[in-house]
> 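Structure provided below as structure tokens; questions to follow.
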Amino acid sequence: MSEIILEVSNLDVFYGDLQAIHDVSLKIEKGSMVSLIGANGAGKSTLLTTIMGVNKPKNGKIFWKGQDITGLSTNKIVSRGLTLTPEGSHIFEDMTVRENLQVGSWTNKSREAKADAEEKVYDIFPVLKEKRTQLASFLSGGQRQMLAIGRAIMASPEMIICDEISLGLAPVVIKDIYASLRKICESGVTFLLVEQEVKRCLKYTDYGYVMVKGGIVMEGKCSELPEDKVSDAYFGIGEFA
Ligand code: ATP
């Protein structure tokens with residue numbers, strides 16, 4: 001097994017009395033594309049926000065490159081090289097495309113590093129270069145997601161966590177976005193992608209975790225996970241009822 005970049009160990013997370021995450025563990029290999037599959041309310045966003053330091057776990061640990069980051073602030077976690085694109089992209093509509101990108105570059109201290117990161121974004125998403133002086137409010141749904149990913153790249157991360165980047169996008173746009181993610185992955189960035197669609201995860205990512213009611217019920221290499229079994233787990237039917 002190659003180097004583990006992110007490890008979550010026996011995590012329990014509560015909102016008041018409600019336990020949203022039950023004893024969740026996962027290990028993500030450096031340089032891989034991993035998916036977290038689950039229906040509405042399965043606990044995916046809670047897991048991501050806990051990894052990013054927004055929610056504090058009641059039990060369990062989170063290790064980044066072997067170091068315990070449980071309870072660290074989000075700022076510190078992003079500074080260490082782990083970043084998140086939230087569900088719904090959350091771009092700033094009244095700022096230009098370029099200004100939106102620059103918001104993401106606060107962890108890069110030198111002007112040179114900021115310029116390099118911006119060039120990398122334009123290289124992956126040429127349409128953002130074309131539209132860099134336009135207001136972000138004029139972007140299409142797919143371009144907004146590209147901008148959200150671009151903003152994450154501006155922090156020169158080693159790993160990007162994406163929360164439902166395909167939500168509401170046409171299949172042809174999703175295909176393009178996944179092709180771009182694979183390109184970014186090949187440049188050395190690890191991905192954890194949260195998805196609701198089983199087929200898409202199995203097609204585009206290397207390793208998958210299936211989450212149901214706050215717990216991981218199945219995991220494996222996507223090439224070896226049978227789609228019907230993952231679907232049964234996802235819907236809580238068959239042997240998973
Ligand atoms: P979705 O795909 O709809 O975003 P999800 O898999 O990301 O779903 P979460 O949003 O993590 O799931 O929700 C997990 C559980 O925690 C759900 O029962 C939800 O109602 C509950 N929950 C989420 N956020 C809060 C909160 N801020 N306060 C209380 N309960 C919450």
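Ligands are counted one by one from 1 in listed order, and the atoms in each one are counted from 1 as well.
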> Hey, is Ala39 one of the residues with a heavy atom under 4.0 angstrom from ligand 1?
yes
> Using a 4.0 Å cut-off to any heavy atom of Gln196, which atoms of ligand 1 qualify?
2 (O)
> Taking non-hydrogen atoms only, is Leu18 closer than 4.0 angstrom to ligand 1 via side chain, backbone, both or neither?
side chain
> Quick one: look up the protein heavy atom nearest atom 23 (C) of ligand 1 and list residue, atom name and how far away it is.
Tyr15 CE1, 3.4 Å
> With clusters defined by side-chain heavy atoms of hydrophobic residues (ILVMFWY) lying less than 4.5 Å apart, directly or transitively, does Leu147 cluster with Leu167?
no
> Considering the heavy atoms of Asn40, write down every atom of ligand 1 situated less than 4.0 Å from one of them.
1 (P), 2 (O), 3 (O), 8 (O)
> Do the side chains of Tyr234 and Val217 join up, straight or via other hydrophobic residues, at under 4.5 Å, putting them in one cluster?
yes
> If we only consider heavy atoms of Gly38, is any one of them less than 4.0 Å away from an atom in ligand 1?
no
> Consider side chain to side chain contact (heavy atoms under 4.5 Å, CB included). Of Asp23, Asn59, Ile62, Asn55, which one does Leu11 pass it with?
Ile62
> Using heavy atoms and a threshold below 4.0 Å, how should the contact between Ala20 and ligand 1 be classified: side chain, backbone, both, or neither?
side chain
> Checking contacts here: is it the side chain or the backbone of Met211 that comes within 4.0 Å of ligand 1, counting heavy atoms only? Could be both or neither.
neither
> Are Leu18 and Phe14 connected, step by step, through hydrophobic side chains (Ile, Leu, Val, Met, Phe, Trp, Tyr) whose heavy atoms are closer than 4.5 Å?
no
